[in-house]
Amino acid sequence: SMNIVILAAGQGKRMKSALPKVLQTLAGKPLLQHVLSTALALQGKASKNGPIVVVGHGAAEVKTFLANITKEDSAFSKVSTALQAEQKGTGHALLQALSKLDVQEPTLVLYGDVPLTSKKTLSKLEKLADGVRGKDCALALLTQNLANPTGYGRIVRDAEGSVQEIVEEKDATLAQKAIKEINTGIMVLPTNSLKKWLKALRSSNAQGEYYLTDVIAMAVKDGVPIRTAQADHEFETVGVNSRDQLAALERVHQLNIANQLMDAGVSLADPARIDVRGTLECGTDVFIDVGCVFEGAVTLASGTKVGPYCVIRNSVIGKEVAVQAYSHIDGAKVGNQSVIGPYARLRPGADLANDVHIGNFVEVKNSKIASNSKANHLAYVGDSIVGSRVNIGAGTITCNYDGVNKHKTIIEDDVFIGSDTQLVAPVRVGRGATLGAGTTLTKDAPANQLTISRAKQVSLPWKRPVKVEKKPVAKKATVKKVLAKKPASKSSKGKK
């Protein structure tokens, strides 16, 4: 077990945003949520001490986020906060959390704007620190070799390869700037020594800040062993400081998800054009076309095909379903061999059995539809129970809302509903009934009968109006035009 402190007090000026940097989203979740999820998984359910988030800029918004996420997932109730009122550097930030640390446990330092560090990498670092309860452990440092190390603190080693110190870019010599091994900032520290080191920090550097990295030299001086590890992937240590960095990391993350899906047997039309903003579980032989967005928890069973530009959120889709282009599915269950779309919308509570067809511009909300039923075009089915083998004609609407309350429509098995029908709930259509096109149903329709309500059709003698052609109006001649038409006077002829 470890103390885990997440530094999340920075403003993120380069984001040009009113939102604190750690609340900017990656794959549909705030950066801080990614880090917290990993931290909670690392500590495990048995841990008494949850992660400590050091807040500063936008502290109120970060605390509101933490309160909201705790309502969704009780695991986040273990998270506590410490306030860094003035942002005076990483060492100063960690100092604010000191009183909350268990000195019997080592302390892991993470960053709210470094979202993709894996549990595997952090476990490796924890083992490297070799913490023994009640005793000081080694200091374990996560480093990375970069082709372009510009902007990062460099790891300075002696001739034997032992870490001596970390030098920040602004304080580095030319020789030190040539070093490719950089500090990620992620480290496991012996907590007893950490308390002493943090209090000894000074701000005599180019930034005028209290650097956490200065404790490395103090550890060397105190004879505390320093061990280093590197992450399996460079993206695990990438921090986000600007919107272009956030966009680049988003694509890296999405491509990783795409590769995992393909490894599991999913076909993607283009791995670069998929967005998973939650969890996507797929059976075998699933095909996903371009531009699809998956949010929350989505399951696609074997053999299902998702057409281009669909948005699917918190839904379970059965086997061999065809979800056609531009369909939106939210909080729905879809049975096997069903056909959805194109341009269909399933809203929360839509529960479709096997072989149900929901066609273009059909909306289903809070309704159960039994097997082999279809609504192929331009219909609204809300707050309804629909039986098997029902045909819902084009333009059919369940009028479920009276302006105050919602009411139920029940359509029994084998019903045929003609086009442009309104079912004014609460109402029931009996088994095998047929509703004629254009019916407004306000009373229950009996089983096995034709029910129709429409004005009597009348044919009358009729002449269609003919368009009257307007006569052109003569324009008034202007004085100039009249003068121009007058012939020249005789007396003027021949004069020179």
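Atom set for the values below is all heavy atoms of this structure, side chains included, hydrogens, waters and symmetry mates excluded.
- For the pair Lys305 and Phe287, the cation-pi test (distance below 6.0 Å, angle within 45°) is failed.
- The backbone N or O of Asn354 lies less than 3.5 Å from no partner atom in the side chain of Ser338, so there is not a single donor-acceptor pair.
- Ser77 and Ser74 form no side-chain donor-acceptor contact under 3.5 Å, judged by distance and modelled atom types alone.
- For the pair Asp289 (side chain) and Ala269 (backbone), a donor-acceptor distance under 3.5 Å is absent.
- For Gln87 and His57, the side-chain atoms include no donor-acceptor pair closer than 3.5 Å.
- Between the side chains of Asn372 and Asp355, a donor-acceptor pair is found at a separation under 3.5 Å.
- Counting heavy atoms from C-beta outward, Arg347 and Val364 have side chains that stay 4.5 Å or more apart.
- Atom OG1 in Thr184 sits 6.0 Å away from atom CD1 in Ile182 (nearest 0.5 Å).
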Evaluation steps, side-chain hydrogen bond (donor to acceptor under 3.5 Å, both in side chains), between Thr398 and Asn400: CA-CA 6 Å; Thr398 56; Asn400 57 327; 4.9 Å; no
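- Proximity of a side-chain donor or acceptor of Glu295 to a complementary backbone N or O of Ile312 within less than 3.5 Å is not detected.
- Within the structure, every pair that satisfies the side-chain hydrogen bond (donor to acceptor under 3.5 Å, both in side chains) test and touches residues 316-328, not counting sequence neighbours, is listed here: Glu320-Gln337.
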Side chain to side chain contact (heavy atoms under 4.5 Å, CB included) for Gln254 and Val276? Distances and angles first, verdict last. CA-CA 7 Å; Gln254 292 298 342; Val276 179; 4.0 Å; yes
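- Looking at Thr434, its side chain never comes within 3.5 Å of a backbone N or O of Leu450 through a donor-acceptor pair.
- The shortest side-chain heavy-atom distance between Ile392 and Val381 falls under the 4.5 Å cut-off.
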Begin from the C-alpha positions of His92 and Val54 and carry the test side chain to side chain contact (heavy atoms under 4.5 Å, CB included) through to its verdict. CA-CA 10 Å; His92 180 256; Val54 179; over 6 Å; no
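- Nearest heavy-atom pair, Leu31 versus Lys21, reported as atom, atom and distance to 0.1 Å: CD1-O, 3.5 Å.
- Taking every heavy atom of both residues into account, Thr409 and Ala425 meet most closely at OG1-CB, 3.4 Å.
- Between Ile186 and Leu110 the shortest side-chain heavy-atom distance falls below 4.5 Å.
- Annotation: the span from Asn3 atom CG to Leu101 atom CG amounts to 4.5 Å, rounded to 0.5 Å.
- Asp383 and His407 form no side-chain donor-acceptor contact under 3.5 Å, judged by distance and modelled atom types alone.
- One distance of note links OG1 of Thr299 with CZ of Phe294; it measures 11.0 Å at 0.5 Å rounding.
- In this structure, Asn241 and Gln245 approach most closely via the heavy-atom pair N-OE1, 2.6 Å.
- A donor-acceptor contact closer than 3.5 angstrom links the side chains of Thr143 and Gln230.
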Asn183 vs Leu142, side chain to side chain contact (heavy atoms under 4.5 Å, CB included): CA-CA, chis, key distance, verdict: CA-CA 7 Å; Asn183 170 42; Leu142 192 68; over 6 Å; no
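- Leu146 and Glu234 make their closest contact through CD2-CD, 3.4 Å (heavy atoms, listed as atom of the first residue, atom of the second, distance).
- Looking at Asp244 and Ser242, their side chains do bring a donor and an acceptor atom within 3.5 Å of each other.
- Put simply, the side chain of Asp414 does not reach to within 4.5 Å of the side chain of Val390, judged on heavy atoms.
- When atom types are taken as modelled, the side chain of Tyr111 and the backbone of Asp113 share no donor-acceptor pair closer than 3.5 angstrom.
- Heavy atoms only, all atoms of each residue included: Val362 and Leu378 are closest at CG2-N, 3.5 Å.
- With a 6.0 Å radius and a threshold of 12 heavy atoms from other residues, nucleotides or ligands, Phe235 has its CZ atom above the threshold.
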Please report the C-alpha distance between Ile69 and Gln33 in whole Å, then the side-chain angles of each, then the deciding distance to 0.1 Å, and finally whether the side chain to side chain contact (heavy atoms under 4.5 Å, CB included) criterion is met. CA-CA 9 Å; Ile69 197 74; Gln33 190 177 338; 3.4 Å; yes
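- At distances below 3.5 Å, at least one donor-acceptor pair connects side-chain atoms of Ser384 with backbone N or O atoms of Gly382.
- The shortest non-hydrogen separation linking Gly112 to Ala8 is CA-CB, 4.5 Å.
- Here the CG-CG distance, from Leu94 to Leu7, works out to 6.0 Å after rounding to the nearest 0.5 Å.
- Remark: the backbone N or O of Ile369 is not paired with any side-chain donor or acceptor of Ser373 at under 3.5 angstrom.
- No donor-acceptor distance shorter than 3.5 angstrom exists from the side chain of Thr25 to the backbone of Gly28, with no hydrogens or angles considered.
- A donor-acceptor contact shorter than 3.5 Å links the side chain of Ser315 to the backbone of Ala332.
- Partner Asp330 forms a salt bridge (charged side-chain N to carboxylate O under 4.0 Å, His left out) with one of Arg313, Lys365, Arg345 and no other, that one being Arg313.
- Under a 3.5 Å cut-off, the side chain of Asn360 and the backbone N or O of His377 do not form any donor-acceptor pair.
- Counting heavy atoms from C-beta on, the side chains of Val424 and Thr440 come closer than 4.5 Å.
- If you check the side chains of Glu236 and Ser118, you find a donor sitting under 3.5 Å from an acceptor.
- The environment of NZ in Lys408 is crowded: more than 12 heavy-atom neighbours from other residues, nucleotides or ligands sit within 6.0 Å.
- Atom CD1 of residue Ile52 and atom OG1 of residue Thr81 lie 10.0 Å apart, to the nearest 0.5 angstrom.
- For residues 447-469, no pair satisfies side-chain hydrogen bond (donor to acceptor under 3.5 Å, both in side chains), with sequence neighbours left out.
- Rounding to the nearest 0.5 Å gives a distance of 8.5 Å between NZ of Lys88 and CD of Gln96.
- Between Leu246 and Leu26 there is a side-chain heavy-atom pair separated by less than 4.5 Å.
- With contacts defined as side-chain heavy-atom distances shorter than 4.5 Å, the pair Leu261/Leu280 qualifies.
- Counting heavy atoms from C-beta on, the side chains of Asp444 and Ile410 never come closer than 4.5 Å.
- With a 6.0 Å radius and a threshold of 12 heavy atoms from other residues, nucleotides or ligands, Gln11 has its CD atom above the threshold.
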